A.B. asks: 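The following block contains the structure, expressed as structure tokens.
Predicted model, so just to flag it, every value in this text is computed and none were measured. Just so it is clear, the values below take in all heavy atoms, side chains as well, and ignore hydrogens, waters and symmetry mates.
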Amino acid sequence: MAAAQGLRYVGLDCDAARPALRAHYLRHGFVHRDDVQAGCWKVSRLEMETGRAHRLMDSARMGAACD
């Protein structure tokens, strides 16, 4: 959807105090950009190129079809 809207990247923020959560997103193709302080909350900012997201979803669908 993001690529169809002309966006090159999708981003997300997650709690920097939850390294397992950040690792989950990294395993699924997101790249860690930085950590920032947002009030009393420290967040990890991650992003993924929309073309990469499309390829990951396509390969996941193909893998599911083979199960």
Side-chain angles (χ1 to χ4, degrees):
M1 291 178 76
Q5 294 179 14
L7 300 174
R8 185 166 178 199
Y9 294 94
V10 292
L12 65 85
D13 298 343
C14 70
D15 187 344
R18 297 184 61 194
L21 179 61
R22 183 167 80 183
H24 168 80
Y25 289 119
L26 294 174
R27 280 192 306 274
H28 292 315
F30 280 86
V31 176
H32 179 249
R33 286 296 163 219
D34 58 12
D35 291 338
V36 296
Q37 194 72 36
C40 62
W41 191 42
K42 187 172 183 182
V43 297
S44 291
R45 298 191 306 178
L46 301 104
E47 68 182 23
M48 179 190 296
E49 281 190 77
T50 55
R52 177 167 170 69
H54 236 319
R55 289 189 300 276
L56 289 171
M57 289 188 334
D58 288 343
S59 63
R61 271 190 230 116
M62 291 178 72
C66 296
D67 292 340

A.B. asks: Of all residues at least two apart in sequence or in a different chain, which pass the side-chain hydrogen bond (donor to acceptor under 3.5 Å, both in side chains) check with Arg33?
C.D. replies: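 Arg33: side-chain hydrogen bond (donor to acceptor under 3.5 Å, both in side chains) contacts with Glu47.
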A.B. asks: Taking all atoms of both residues into account, what is the closest heavy-atom pair of Leu26 and His32, and its distance?
C.D. replies: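 Distance-wise, the nearest heavy atoms are CD2-N, 3.6 Å.
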A.B. asks: To the nearest 0.5 Å, what is the distance between CG (Leu12) and OH (Tyr25)?
C.D. replies: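 Spacing of CG (Leu12) from OH (Tyr25) equals 5.5 Å.
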A.B. asks: Treating Ile, Leu, Val, Met, Phe, Trp and Tyr as nodes and any side-chain heavy-atom pair under 4.5 angstrom as an edge, say whether Val10 and Leu21 lie in one connected cluster.
C.D. replies: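 Linked, Val10 and Leu21 end up in one cluster.
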A.B. asks: So, using salt bridge (charged side-chain N to carboxylate O under 4.0 Å, His left out) as the criterion, who are the partners of Asp35 when residues are at least two apart?
C.D. replies: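 Checked Asp35 against salt bridge (charged side-chain N to carboxylate O under 4.0 Å, His left out); matches are Arg22.
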A.B. asks: Looking at every non-hydrogen atom in both residues, tell me the closest pair between Asp15 and Lys42 and how far apart they are.
C.D. replies: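 Where Asp15 meets Lys42 most closely, the heavy atoms are OD1-O, 3.7 Å.
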A.B. asks: Report the distance from atom NE2 of His28 to atom CG of Leu46, rounding to the nearest 0.5 Å.
C.D. replies: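 If we round to the nearest 0.5 Å, His28:NE2 and Leu46:CG are 12.5 Å apart.
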